[in-house]
Amino acid sequence: MSLDNNRTLAIIRKAEAEGYGILAQVCYDANCVIGLVRAAERCRSPAILMMFPVTLAFGKGPWLQFCLNAAHQASVPIAVHLDHATDPEHLELVFALAEQGIAFDSIMVDASHADTDEENIALARPYVERAEKRGIAVEVELGRLEGGEAGLRVISDAKLTRPEKASEFMQGTGARILAPSIGNLHGAYLEPPNFRQDILQDLQKTFKGNTPLCLHGTDQLSDELFRECIKNGISKININSWGRDPYAKILAEGLQTKPFPDAVQDATKVFEDVCERFFTLFGSAGKA
């Protein structure tokens, strides 16, 4: 199956060409999904609805179908993406659901735990080929990010992306989206982030117009740092705890004192507000 009409690639390639970023927001439940879609429609912004493998494994086909319906029936372009698919059981679930007609727009095949780039390629390539046959675009990571979150493997030895190896790596994997390691990490930063913007600039020179770049590890980043990364070539920006934590806090507090529907409504509105802030910050508001 061709990727010519792939929704994720269309969204982030337009963003790359026009110089803005796309919010890829992790969603854990139906309220998050509804909040993201509402915010995107209100801001007239494209977006990516993202989930972790642990959430997919819990909800399986009915959950993914709900997400696809909500995203694809929205009045603005929204794609559905699986982040950090590492374990074979999760990847096999992706392909089994795709065979049933319940297919992600894109997935990340994460083999960054491999010891070498060559091993990373060898692990990722077969899954990339299978995904593309089903019309699913694939993101891969060159280098390795430290940290872990929401059921992901905890990595303790980061490796920065080497731009001179990037073209060979992308050709080797056959993937379409690159997530570089530039000093970013998953989870909380114990020291102020020190991103290697020179790596991004080199990757932008190599890949602009061909391979979109994705930023992971965005907890606690300043607005200025987000803008700098977009300027230097990032077009897909993964967001997790910025929306998750206030949503969970307001929901938990509300359930102690309010009727269930009211608590859900208040928490979902907080999630929407976070999404709206990022649509504005990333420059995607009004682009749909």
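All values below were derived from every heavy atom in this structure, side-chain atoms included, with hydrogens, water molecules and symmetry-related copies excluded.
The local environment of CD in E168 is sparse, with at most 12 non-hydrogen atoms from other residues, nucleotides or ligands closer than 6.0 Å. Applying the 6.0 Å contact sphere to CD of Q265 captures no more than 12 heavy atoms from other residues, nucleotides or ligands. Annotation: F66, atom CZ; neighbour count of heavy atoms from other residues, nucleotides and ligands within 6.0 Å is above 12.
Residues Y20 and M50 do not share a hydrophobic cluster, defined by chaining ILVMFWY side chains whose heavy atoms lie under 4.5 Å apart. Linking Ile, Leu, Val, Met, Phe, Trp and Tyr residues whenever their side-chain heavy atoms come within less than 4.5 Å places I182 and M170 in a single cluster. Note: the hydrophobic cluster containing V80 also contains F95 (ILVMFWY, side chain heavy atoms under 4.5 Å, direct or indirect links). Under the 4.5 Å side-chain heavy-atom criterion for ILVMFWY residues, a single connected hydrophobic cluster contains both V33 and L97. Under the 4.5 Å side-chain heavy-atom criterion for ILVMFWY residues, a single connected hydrophobic cluster contains both V274 and L225.
Of the possible polar contacts, one joining the R125 side chain to the G172 backbone as a donor-acceptor pair under 3.5 Å is found. Of the possible polar contacts, one joining the E41 side chain to the S75 backbone as a donor-acceptor pair under 3.5 Å is found. K14 contributes a side-chain N or O that, together with a main-chain N or O of K287, makes up a donor-acceptor pair within less than 3.5 Å. Using a distance-only test at 3.5 Å, with no hydrogens or angles considered, a donor-acceptor pair links the side chain of K60 to the main chain of A57. Between the side chain of N232 and the main chain of L203, no donor-acceptor pair closer than 3.5 Å is present. Side chain of T161 to backbone of S181: a donor-acceptor contact under 3.5 angstrom is found. Between the side chain of N6 and the backbone N or O of G135 there is at least one donor-acceptor pair closer than 3.5 Å. With E16 contributing its side chain and G209 its backbone, the two residues share a donor-acceptor pair below 3.5 Å. A donor-acceptor pair is defined here as one N or O able to donate and one able to accept, closer than 3.5 Å; such a pair exists between the side chain of T86 and the backbone of D110.
Tested against C229, the residues L221, L213, L215 include a single side-chain contact (heavy atoms from CB on, under 4.5 Å) partner, L215. When D266, N31, D273 are each tested for a side chain to side chain donor-acceptor pair (under 3.5 Å) with Y247, only one passes: N31. Residue C214 forms a side-chain contact (heavy atoms from CB on, under 4.5 Å) with just one option from H81, M108, E139, and that option is E139. The residue from T218, I237, I22, L23 that alone fulfils the side-chain contact (heavy atoms from CB on, under 4.5 Å) condition with F278 is L23.
By the 4.5 Å heavy-atom criterion applied to side chains, T8 and R176 are not counted as neighbours. Using a 4.5 Å heavy-atom threshold, the side chains of I136 and V94 count as touching. Counting heavy atoms from C-beta outward, Y127 and E92 have side chains that approach closer than 4.5 Å. At least one side-chain heavy atom of V140 sits under 4.5 Å from a side-chain heavy atom of F169. Looking at R244 and S241, their side chains come closer than 4.5 Å, going by heavy atoms from C-beta outward. Between L9 and S106 the shortest side-chain heavy-atom distance does not fall below 4.5 Å.
Summarising the geometry of S45 relative to V76, their closest heavy-atom pair is O-CG2, 3.4 Å, with the distance given to 0.1 Å. Scanning both residues, C32 and D29, for their nearest heavy atoms gives N-OD1, 2.9 Å. Scanning both residues, G174 and E132, for their nearest heavy atoms gives O-OE2, 3.4 Å. Across every non-hydrogen atom of W242 and Q220, the tightest pair is CZ2-N, 3.4 Å. Of all non-hydrogen atoms in L142 and A166, the two that sit nearest each other are CD2-CA, 3.5 Å. The two residues T206 and S167 come nearest to each other via the heavy atoms CG2-OG, 3.2 Å.
A salt bridge links D223 with R277: the closest approach of a Lys/Arg side-chain nitrogen to an acidic carboxylate oxygen falls below 4.0 angstrom. A salt bridge between K249 and E253 is present, with a side-chain N of the basic residue lying under 4.0 Å from a carboxylate O of the acidic one. By the 4.0 Å N-to-carboxylate-O rule, E224 lies too far from K231 to be salt-bridged with it.
In this structure, CZ on F271 lies 6.5 Å from CG on L36, to the nearest 0.5 angstrom. Residue C43 holds its SG atom at 6.0 Å from CZ of F279, rounded to the nearest 0.5 Å. Rounding to the nearest 0.5 Å places CG of L49 at 8.5 Å from CG of L68. We find the CD1-CD1 distance between I177 and I12 to be 3.5 Å, quoted to the nearest 0.5 Å. Atom CG of N240 sits about 11.5 Å away from atom NE2 of H216, to the nearest 0.5 Å. Note that the CD atom of Q201 and the CD atom of E228 stand 7.5 Å from one another [nearest 0.5 Å].
The aromatic rings of F52 and H84 are tilted relative to each other, their planes meeting at an angle between 30° and 60°.
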Fill in: Intermediate values then yes/no, side chain to side chain contact (heavy atoms under 4.5 Å, CB included), Q65 and N69
CA-CA 6 Å; Q65 187 66 70; N69 289 345; 3.0 Å; yes

Discussion item. Assess the residue pair E276 and K269 against the criterion (salt bridge (charged side-chain N to carboxylate O under 4.0 Å, His left out)); give the C-alpha distance rounded to whole Å, side-chain angles, the decisive distance to 0.1 Å, and a yes or no.
Written reply: CA-CA 10 Å; E276 289 192 21; K269 180 61 169 62; 5.8 Å; no

